[in-house]
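Given the structure is predicted, the values throughout are model-derived calculations rather than measurements.
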Amino acid sequence: MPWAIPWDDPQRPLYKRIAFGAIDGLISLITTLPLNRIRKRQGLAPLGKEGFTSPRLNLVPVSPAVYPPNPHWEDRHRVVGFWFAEARATATPG
């Protein structure tokens, strides 16, 4: 979900920063509240300020041709290309 990676562009007009901040906050509420309820039932801590991303390294499995890396992202966010699993020759529908 590369669109879920927070970023700030000081060149972006104020009205866009306010609008995008409000939208991001609403989406965060809609997604993190149910997840945090599940995490609580499992004895896990709630999601932190990073949300869905890792505080150390966040690999984005999408082609940079499809979703180019945002130049305003922190260095820990990396677009690494699509991931493919090898097909198993012995797989049968179950």
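- Leu47 is listed as a side-chain neighbour of Arg39, based on a closest heavy-atom distance under 4.5 Å.
- Transitive grouping of hydrophobic side chains (ILVMFWY, heavy atoms separated by less than 4.5 Å) keeps Leu26 and Tyr15 in distinct clusters.
- Between the side chain of Arg76 and the backbone N or O of Asn58, no donor-acceptor pair lies under 3.5 Å.
- In this view, Pro69 and Pro64, Trp73, Val79 satisfy the side chain to side chain contact (heavy atoms under 4.5 Å, CB included) rule, not counting sequence neighbours.
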(message) Assess the residue pair Val60 and Arg78 against the criterion (side chain to side chain contact (heavy atoms under 4.5 Å, CB included)); give the C-alpha distance rounded to whole Å, side-chain angles, the decisive distance to 0.1 Å, and a yes or no.
(response) CA-CA 6 Å; Val60 181; Arg78 310 254 174 88; over 6 Å; no

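- Proximity of Lys40 to Leu44: side-chain heavy atoms (C-beta onward) are nowhere separated by under 4.5 Å.
- For the pair Phe82/Pro61, no side-chain contact is recorded, criterion being any heavy-atom separation below 4.5 Å from C-beta on.
- Hydrophobic clustering (ILVMFWY, side-chain heavy atoms < 4.5 Å, transitive): Val80 and Val66 are in distinct clusters.
- Separating the CG atom in Leu35 from the CD1 atom in Ile30 is a distance of 12.5 Å, to the nearest 0.5 Å.
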